Amino acid sequence: MHCSRAPGLKKHGWGEAFPFSLPNSGGLRGSVGIYFPDRRLFRALEKQLVFRHYRIDAVLEGEIMSKSILVLNGPNLNLLGTRQPDIYGSKTMVDLQAECVEKGEALGYRIDFRQSNSEGTLVDWIHEARNRYAGIVLNAGAYTHTSIALMDAIESVGVPVIEVHISNIHQREDFRHVSYVSKTAMGMICGFGFYGYSMALDALVNHLRH
Ligand code: DHK
């Protein structure tokens, strides 16, 4: 099958995703994300994938996707270490990322760790997880308690999500007792500090293996 690459190539940190335009289909039919851990491997295989073995891409993507987990952090979590250390501890977001990556490696998963203060960006990242990540660990910060958009995004993509909070939200102000994320997440872990992320990764991988 002949396919030509459409304009709009989108570059990612460790691979590439690109939409395909299929001949005789009237233009762009859909976006096919293919991730390669190694750019040279991508270059070497690109021609074959695009011009001859169109089916191989799905296999490669599936294999890599099934071994990748997205860890998403919401507003103000970039201030970890300085923000209310009595509640959130004195370790930083960089420390948290290192712990998650190490835990992921121990479980045999690549961790893509991100933080944003923007609700829309978090929605976009949840959408991105569809067909690209095996699951999501999500600390939506304060959006947990307000965001119908995040709840809808989780429900829309059909990717397993484990909700995590550093603090025990049920021991804090009443407005923190409500979680829209919990309405669609598989489960929720809170009150265990950074260790909650490791617990969430364990829970997610346990789910994926069964
Ligand atoms: C983090 C936040 O930023 C708060 O808005 C949540 C959560 C709790 C946490 O404990 O990780 O209420």
Side-chain angles (χ1 to χ4, degrees), residues 13 68-107 109-130 132-208:
S68 299
I69 292 172
L70 195 52
V71 179
L72 297 183
N73 296 279
N76 302 307
L77 290 165
N78 53 313
L79 301 180
L80 283 173
T82 55
R83 173 196 184 196
Q84 296 175 281
D86 49 319
I87 294 176
Y88 298 104
S90 55
K91 289 192 284 184
T92 67
M93 178 113 275
V94 173
D95 299 325
L96 179 58
Q97 177 168 10
E99 286 184 25
C100 288
V101 168
E102 189 181 337
K103 179 69 182 180
E105 273 171 13
L107 292 168
Y109 282 77
R110 185 185 78 88
I111 301 295
D112 192 343
F113 186 96
R114 304 181 192 177
Q115 187 276 334
S116 175
N117 294 326
S118 155
E119 184 178 9
T121 299
L122 292 165
V123 168
D124 287 342
W125 285 343
I126 291 169
H127 291 177
E128 191 187 321
R130 188 180 203 165
R132 291 187 189 168
Y133 293 87
I136 302 173
V137 169
L138 172 64
N139 183 350
Y143 294 138
T144 302
H145 319 298
T146 60
S147 180
I148 295 169
L150 284 179
M151 180 184 75
D152 282 351
I154 294 166
E155 203 157 36
S156 302
V157 295
V159 174
V161 174
I162 310 281
E163 177 183 2
V164 63
H165 300 285
I166 294 165
S167 64
N168 185 339
I169 57 174
H170 297 291
Q171 289 177 351
R172 300 181 64 191
E173 303 95 320
D174 285 354
F175 61 82
R176 294 186 205 275
H177 300 177
V178 174
S179 168
Y180 285 96
V181 171
S182 284
K183 294 184 190 297
T184 44
M186 285 187 60
M188 192 266 273
I189 295 162
C190 74
F192 295 97
F194 282 15
Y195 183 55
Y197 285 72
S198 286
M199 294 168 83
L201 287 167
D202 267 331
L204 183 57
V205 171
N206 183 62
H207 164 75
L208 295 169

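Bear in mind that the values here come from a model prediction, so they are computed numbers and not experimental data. All residue numbers in this chain count up from 1 along the given sequence. Atoms within a ligand are numbered from 1 in the order they appear, just like the ligands themselves.
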Apply salt bridge (Lys or Arg N to Asp or Glu O under 4.0 Å) to Lys91 and list each qualifying residue two or more places apart in sequence or on a separate chain.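 Expected list: Glu99.
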Parallel, tilted or perpendicular: which describes the rings of His177 and His170, with under 30° parallel and over 60° perpendicular?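 Aromatic pair His177/His170 classed tilted.
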Using a distance-only test with no angle check, is there a side-chain donor-acceptor pair under 3.5 angstrom linking [X] and [Y]?
{"X": "Glu155", "Y": "Thr184", "value": "no"}
{"X": "Asn73", "Y": "Tyr197", "value": "yes"}
{"X": "Thr144", "Y": "Glu163", "value": "no"}

Test item: Met188 and Ile169 side chains (from C-beta on) under 4.5 Å apart, heavy atoms: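 With C-beta onward as the side chain, the pair touches.
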Any idea which residues sit under 4.0 Å from ligand 1, heavy-atom distances?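 Close residues (ligand 1, cut-off 4.0 Å): Pro75, Arg83, Tyr88, Asn139, Gly141, Ala142, His145, His165, Ile166, Ser167, Ile169, Arg172, Arg176.
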